[in-house]
Every structure is written in C-alpha cells, then in structure tokens.
Participant: 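First, the structure itself, so that you have it in front of you.
So that the names make sense, note that chain A is the first sequence line, chain B the second, and so on, each numbered from 1.
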Amino acid sequence: MKIISVLTKLSILVALLLLLGLLGYAVFGNKVFIKSSPVVGREASDFTLELFNGERIRLSDLRGKVVLLNFWASWCIPCRDEAPVLESSWRKYRNMPVAFIGVNVWDDKDSALVYLGQFGGGYDNGVDPKGEIAIEYGVGGVPETFFIDQYGKIVDKYTGPLTEEIIEYFLGKALSQQNGQPRSEN
Amino acid sequence: MGNPGVKTDLKMLKKRVVYITALASFILGVLTLKPLADSIDDKVREISYLLMCPVCQGQTVAESNSELATQMRTIVRKKLEEGKSKEEIIAYFVARYGETILGAPPARGANWLLWALPALALVFGGAGVALFLRKSKSEKSKEENRKISHEPQVQAESKYLEKLNQELKKFES
C-alpha cells in the first residue's frame, strides 16, 4: 500500500519536473527561435525580376544601394494599407542610395496592373510568376519586406503592413551597416 | 551462283531480327522509363509530405492546393531532376523557412521531449494503470475475505433468531 503511493508520487514528480524543464528551456533556452527568418543575416540570393514595364532588373546590379524588397499581391488587404506608405517613403529616399523593389506574387497580372495604377508604383515592380524568388527568400505570406544592405546582406525581414516609422527604422539600420568596405554611391 | 530462294530467306530473317530487336528495345525502354517516372513522382510526394505548407493550417505541401504549395512541389521536382537528394531538398526549405516547415520536429534540443514524452506517458500511464488495478484487486480480495469471515456470525445470528421465534410462539400459546 505504502509502495503504491510512493511510486505514484514519484511518477507525478518526474512528470512535473519534465514539464518544468520544457518550460524553462522554452523561456530561457535557445534564443534562435525568436529570430524572424533564417535568411536574415545571410547574403541575399541574386535574382532577375521581370518588371511590369517589360524591363528586367538584377538584384546584384543594385550592389552599393540599400534595397527594400517588398512582396505583395493585389488581393491582399494589408498590402493595400501599406502601398501609399511605400510610395511616399520611396519619394523620400529616391535621392539616397536606396532602391525599392516590389515583387508581385500569387496573383494575376491584370489585377496587379490595376492595383499599381491605383496605388502608385513609382518604383520598380515586377512579377514572380513561379514563386521562385518568394520561396528563395522564405516568403510565407504577403506583405513581407526584406531590407538588404549595400553589401548584399539581408539585415531584416518585416512581416505585415509597413508604416513610415517602420520603413525609416529598418532603412536607417541597413544604411548604417558597415562591412569595412567603402560605400559606393550609385 | 547461289540459290536465290535461300538468299531471300536470309534477307527476310535479317529483317525479322532487326524488327524484333527494335521491338524488344522499345518495350525495354518503355518498361525502364515508366518506373523512373513513377519514382520521381513518388519522391516528390514523399518529400512534400515531410514539409508543412507555410500558408495553410495543418496541411503538408503534398496535401495543400494553395499556389505556394504547388510552387514548392514544382521546386522539389526541379531539384530532384537536378540530382539533389531528399536531405538536400529538405535542408533547402529549412534554410529558408526554418524548422517550422518540417512536418515532424527533429529529435534534438528541446524537441527530443516531444519524441520522448509520448513514450514516457505510456510508461508512466501504464505503470499507473497497473498499480490501480493491483490496488483495486487487493481491496476486492480483502472485501471477499471480510465477507467470508462474517458468514459464521450471520449463521449464528439466524439460529438465534429462529430459537427466539420458537420461544415467543411458546409464550403466546
């Protein structure tokens, strides 16, 4: 009788300790879990984007500039919320070594063109019909924005609609990146 | 001068050999190509089942009809055709989407608890059930023992009551 209760108590104690250990690891353990995306901190994969105006741009050609890479779709409501903000921020930064690139994904071209006509599109916007660029950057929804420094490294990723403050913060951070190399002004 | 009939036969035989060889090669080609195509489809399906669709809820890349999942399956196929292994393809997606893309978490770090806990729950749960059954069995046997020990007393009591009834009847009469 006594043995039974001791064993029961012991098993409850072990289960509790295991749960506490799991909780402790989740709270104080590997902080890698809170990282926004595994691609942050890595070199940005190069790609060629076909623009809506028929031209093509290559990411590596923009080396020396900070790049704001924004993934969007015309059916995405938060994308519509951030579109005017992106346009006004682009106007603000257009004379600085900063390039804005919009990548349209999981969309149809006609709707995307209507969207661009409605919300601006002064900066380069192109289409990723096979989703290859989106998957290469680990995009799991829209809008998602990547900030790439002048050396081609992904400094940050932001998920959700951007505000002017958010753009300013991340562009400022990307512009201040130093790799010990001279900054080339294009 | 040779026999023209034999020459014709030889010619026909050669023709037949060529036809049979061509037919055999064709059949062999079809037979070998078909399993290859199947194996790539199977591999795409196998890998897609190991990856979670990033825009879906609880669906793997194989199960989802979303555009992203379809594009991911295309990339899996493309990489297989390039000669990449299953591990390399999974590593490609993990490097972009993180370990949350995996259908089953790898058994390392805190994740090992996810693998160990069901087994531990089974062991401790089994032990608990066994102890409970043992305890209830011993209590039942004790109860039975108690019942058996009460029986002579009940018999004695009934004999006493019978005697008392007889005495009362005598007294009334």
Participant: Give, as side chain, backbone, both or neither, the part of A:Val105 having an atom under 4.5 angstrom from any heavy atom of chain B.
Facilitator: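 A:Val105 has no heavy atom closer than 4.5 Å to chain B.
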Participant: Is B:Leu68 close to chain A through its backbone or its side chain, or both, or neither, when contacts mean heavy atoms under 4.5 Å?
Facilitator: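 It is both, since atoms from each part get that close.
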Participant: Is atom CG of B:Asn165 surrounded by more than 12 heavy atoms (other residues, nucleotides or ligands) closer than 6.0 Å?
Facilitator: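 Yes, CG of B:Asn165 has more than 12 neighbouring heavy atoms, counting only those of other groups under 6.0 Å.
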Participant: Heavy-atom distance under 4.5 Å to chain A: side chain of B:Val123, backbone, both or neither?
Facilitator: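 Neither the backbone nor the side chain of B:Val123 comes within 4.5 Å of chain A.
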Participant: Let me check something: do A:Phe100 and A:Val155 share a hydrophobic cluster, defined by ILVMFWY side-chain heavy atoms less than 4.5 Å apart, either directly or through other members?
Facilitator: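 The answer is no; the residues belong to distinct hydrophobic clusters.
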Participant: When heavy-atom pairs shorter than 4.5 Å are enumerated against chain A, which of B:Gly98, B:Ser66, B:Gly128, B:Ala95 gives the highest number?
Facilitator: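 With the most close heavy-atom pairs to chain A, the winner is B:Ala95.
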Participant: For B:Glu82, does the CD atom have more than 12 heavy-atom neighbours from other residues, nucleotides or ligands under 6.0 Å away?
Facilitator: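 Yes, because the 6.0 Å sphere around CD of B:Glu82 holds more than 12 heavy atoms from other groups.
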Participant: Give the minimum heavy-atom separation between A:Trp106 and B:Glu67, together with the two atoms involved.
Facilitator: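 So the two residues come closest at CA-OE1, 3.4 Å.
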Participant: Is chain A contacted by the side chain of B:Tyr97, its backbone, both, or neither, given a heavy-atom distance below 4.5 Å?
Facilitator: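 For B:Tyr97, the contact with chain A is made by backbone and side chain together.
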Participant: Indicate the atoms forming the closest heavy-atom contact of B:Val94 with A:Pro38, along with that distance.
Facilitator: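 Smallest interatomic distance, heavy atoms only, reads O-CG, 3.8 Å.
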Participant: Please check if the number of heavy atoms outside A:Arg58 that lie under 6.0 Å from its CZ is greater than 12.
Facilitator: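 Atom CZ in A:Arg58 is not crowded, with 12 or fewer foreign heavy atoms closer than 6.0 Å.
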Participant: Within the supplied structure, the quantity of interest is the number of heavy atoms (other residues, nucleotides, ligands) at a distance under 6.0 Å from B:Glu162 CD; does it exceed 12?
Facilitator: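 No, not enclosed.
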Participant: Only pairs under 3.5 Å count here: list side-chain donor-acceptor contacts from residues 131-143 of chain A, not counting sequence neighbours, and write none if there are none.
Facilitator:
from, atom 1, to, atom 2, distance (Å)
A:Glu132, OE2, B:Lys78, NZ, 3.3
A:Glu136, OE1, B:Tyr92, OH, 2.9
A:Glu136, OE2, A:Ser45, OG, 2.9
A:Glu136, OE2, B:Arg96, NE, 3.2
A:Glu136, OE2, B:Arg96, NH2, 2.8
A:Tyr137, OH, A:Ser45, N, 3.3
A:Tyr137, OH, A:Ser45, O, 2.6

